[in-house]
Amino acid sequence: MKRRVVVTGLGAVTPIGNTVEEFWNGIRDGRVGIGEITRFNTTDFKIRLAAEVKGFTAKERMDVKAARRMELFSQYAVAAAKEALKDSGLSMENEDPFRVGVSIGSGIGSLQAIEREHVKLLEKGPGRVNPLFVPLMISNMAAGNVGIQLGFKGKNINVVTACATGTHSIGEAFRSIQYGDADVMAAGGTEASITPIGVAGFSALTALSESTDPGRASIPFDKERNGFVMGEGAGVVILEELEHAKARNARIYAEVAGYGATCDAYHITSPAEDGAGAARAMTEAMKDGGITPEQVTYINAHGTGTHHNDLFETRAIKAAFGQAAGRVKINSTKSMIGHLLGAAGGVEFITCVKSIENGYIHPTVGLLVPDEECDLDYTAGAGVSMDVDYALSNSLGFGGHNASILVKRYEA
């Protein structure tokens with residue numbers, strides 16, 4: 001028997017707010033967190049905009065000494081995880097720490113550390129490279145630092161699947177609890193890659209929008225879309241086995257109902273043109289949850305704002321949902337916060353949970369020019385207040401990675 005898994009805690013650091021409350025208020029207000037890049041001089045760059053986290057001070061969110069031994073992506077993860085743990089009301093004094101685990105991924109790790117130490121290597125020689133360079137830089141250190149800071153001694157894993165990282169991480173945490181590997185898991189994604197090499201690399205790939213207008217830069221499903229806007233932050237949730245949560249009278253936000261994961265096996269950057277891989281991930285998530293497409297209220301799309309992604313994801317939804325594709329509400333949170341890469345799935349999962357809790361589906365902000373090939377209901381114009389019984393969150397990553405996770409309104 002598979003055990004039921006519920007969501008009991010939420011934590012976020014985003015370009016429109018550094019707590020879940022601030023983030024959700026920004027979502028309700030339709031706030032766009034995109035602006036001029038401040039982290040480095042963009043004079044020689046084609047790209048001038050990004051969705052930066054603003055006003056984040058690590059020492060206000062965690063131990064100062066520990067923060068000095070973390071790169072930004074790890075700091076974001078620890079801050080979000082601490083918020084989620086506090087929100088859950090879980091007391092580690094009452095838990096077996098070996099039954100409480102972590103599944104938090106980062107698509108890249110620390111580009112800041114790589115850039116900084118490479119300069120030292122070239123200018124001052126190998127003897128001046130920071131002895132902690134490797135443990136600061138590697139992507140698993142987000143999960144490792146969360147485990148250390150919170151005292152979680154159970155399964156501790158780091159899924160790295162590019163832009164599908166956050167969703168895969170939550171899905172694997174869900175499976176871990178379902179099949180008894182853990183009772184509680186902190187799960188999600190984190191990223192901090194707004195650096196010269198990060199922006200230059202994605203720009204060279206022609207993946208980023210070159211718009212200088214924050215309101216017309218991240219415009220998923222719009223006919224004039226021309227690339228994604230790089231964002232940063234973290235989204236971490238506390239997942240818990242249902243009976244464990246009930247035994248401590250935890251507040252339950254929602255239930256995780258299903259998870260699907262596939263590979264396009266097609267191309268290193270482009271999704272499959274027919275959307276078959278993404279469609280199968282959605283189908284598997286719905287099958288896992290024991291529901292039909294007609295029961296899904298809302299899809300939080302990957303919706304990056306690149307031409308290929310939005311077109312092929314539209315085809316995928318049509319393939320997975322059939323006649324029901326025309327009635328399901330769809331949106332892209334990236335229209336407000338940009339693309340958080342490995343953190344995207346974590347923050348967008350939180351959006352699904354809050355949509356269920358509040359009965360509100362936010363608009364795809366900036367969607368003004370309809371595309372005849374993207375002809376589904378992407379919640380253009382204004383948000384919609386309605387009951388959300390089932391929400392599906394999609395994430396698609398370079399390498400052909402597809403992940404879909406199904407969240408439902410909790411019923412005892």
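Looking at E348 and T333, their side chains never bring a donor and an acceptor atom within 3.5 Å of each other. When only modelled atom types and interatomic distance are considered, H339 and T304 share no side-chain donor-acceptor pair under 3.5 Å. In summary, the side chains of N402 and D264 do present a donor paired with an acceptor at a separation below 3.5 Å, with no hydrogens or angles considered. For the 3.5 Å distance criterion, the side chains of T19 and E21 fail to qualify, holding no donor opposite an acceptor. If you check the side chains of T351 and N300, you find no donor sitting under 3.5 Å from an acceptor.
Judged by distance alone, the side chain of Q295 and the main-chain N or O of T292 form a donor-acceptor pair under 3.5 Å. The backbone N or O of A143 lies less than 3.5 Å from a partner atom in the side chain of N156, making a donor-acceptor pair. In this structure a side-chain-to-backbone donor-acceptor pair under 3.5 Å is present from T161 to T165. Without hydrogens or angle criteria, N130 side chain to L132 main chain gives a donor-acceptor distance under 3.5 Å. A donor-acceptor contact shorter than 3.5 Å links the side chain of K334 to the backbone of H302. Checked by atom type and distance alone, the side chain of S404 never pairs as donor or acceptor with a backbone atom of A285 at under 3.5 Å. In this structure, E191 contributes its side chain and A234 its backbone to no donor-acceptor pair below 3.5 Å. Remark: the backbone N or O of S332 is paired with a side-chain donor or acceptor of T364 at under 3.5 angstrom. For the pair D310 (side chain) and G305 (backbone), a donor-acceptor distance under 3.5 Å is present. Within the 3.5 Å criterion, the main-chain N or O of G366 finds a donor-acceptor partner in the side chain of R216.
Applying the ring-ring contact (aromatic ring centres under 6.0 Å, His included) definition to pairs two or more places apart or across chains, those involving residues 58-80 are F56-Y76. Within the structure, salt bridge (charged side-chain N to carboxylate O under 4.0 Å, His left out) contacts touching residues 270-285 (residues at least two apart or in different chains) are R280-E284.
A salt bridge links R251 and D87; the closest N-O separation between the charged side-chain nitrogens and carboxylate oxygens is under 4.0 Å. Looking at E36 and R48, no side-chain N of the basic residue comes within less than 4.0 Å of a carboxylate O on the acidic one, giving no salt bridge. Using a cut-off of 4.0 Å between Lys/Arg side-chain N and Asp/Glu carboxylate O, R116 and E71 are scored as salt-bridged. Looking at R31 and D29, a side-chain N of the basic residue comes within less than 4.0 Å of a carboxylate O on the acidic one, giving a salt bridge. Salt-bridge check for E232 with R39: passed, with a basic side-chain N closer than 4.0 Å to an acidic carboxylate O. Ion pair R175/E172 not flagged as a salt bridge, since none of the NZ, NE, NH1 or NH2 atoms sits closer than 4.0 Å to an Asp/Glu carboxylate oxygen. At a threshold of 4.0 Å, the pair K354-E357 counts as salt-bridged, since one of the basic side-chain nitrogens sits closer than that to a carboxylate oxygen.
Side-chain contact between D288 and K2: present, with at least one pair of heavy atoms (C-beta onward) separated by less than 4.5 Å. Annotation: side chain of L49 is in contact with side chain of P214 (closest heavy-atom distance under 4.5 Å). At a threshold of 4.5 Å between non-hydrogen side-chain atoms, the residues N309 and L311 do not count as touching.
Applying the side-chain hydrogen bond (donor to acceptor under 3.5 Å, both in side chains) rule to T38 yields the partners E52; only residues at least two apart in sequence or on another chain are considered. Residues passing the side-chain contact (heavy atoms from CB on, under 4.5 Å) test with L111, sequence neighbours excluded: I108, I114, S193, T195, I197.
Taking the six-membered ring where the residue is Trp, F221 and Y378 present parallel rings, their angle staying beneath 30° rather than reaching 60°.
Looking at every heavy atom in both residues, A173 comes nearest to M185 through CB-CB, 3.8 Å. For the residue pair L150 and M92, the shortest heavy atom distance occurs at O-CG, 3.8 Å. Residue A67 comes nearest to A58 through the heavy atom pair CB-CB, 4.0 Å, listed as atom of the first residue, atom of the second, then distance.
If you look at Y298 and Y390, their ring centroids are not closer than 6.0 Å.
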Tabulate below the donor-acceptor pairs under 3.5 Å that side-chain atoms of residues 405-412 make, not counting sequence neighbours, or state none.
unit_1	atom_1	unit_2	atom_2	d
R409	NE	D389	OD1	3.3
R409	NH2	V388	O	3.1

Could you go through residues 239-247 and list every donor-acceptor pair under 3.5 Å that involves a side-chain atom there, pairing it with any protein atom two or more places apart or in another chain?
unit_1	atom_1	unit_2	atom_2	d
E240	OE1	T8	OG1	2.9
E240	OE1	R248	NH2	2.8
E240	OE2	H244	ND1	2.6
E240	OE2	A245	N	3.4
E240	OE2	R248	NE	2.8
E241	OE1	E243	N	3.2
E241	OE1	H244	N	2.8
E241	OE2	E243	N	3.1
H244	NE2	E95	OE1	2.7
H244	NE2	E95	OE2	3.4

Apply side chain to side chain contact (heavy atoms under 4.5 Å, CB included) to V353 and L10, showing your working.
CA-CA 9 Å; V353 171; L10 308 174; 4.2 Å; yes
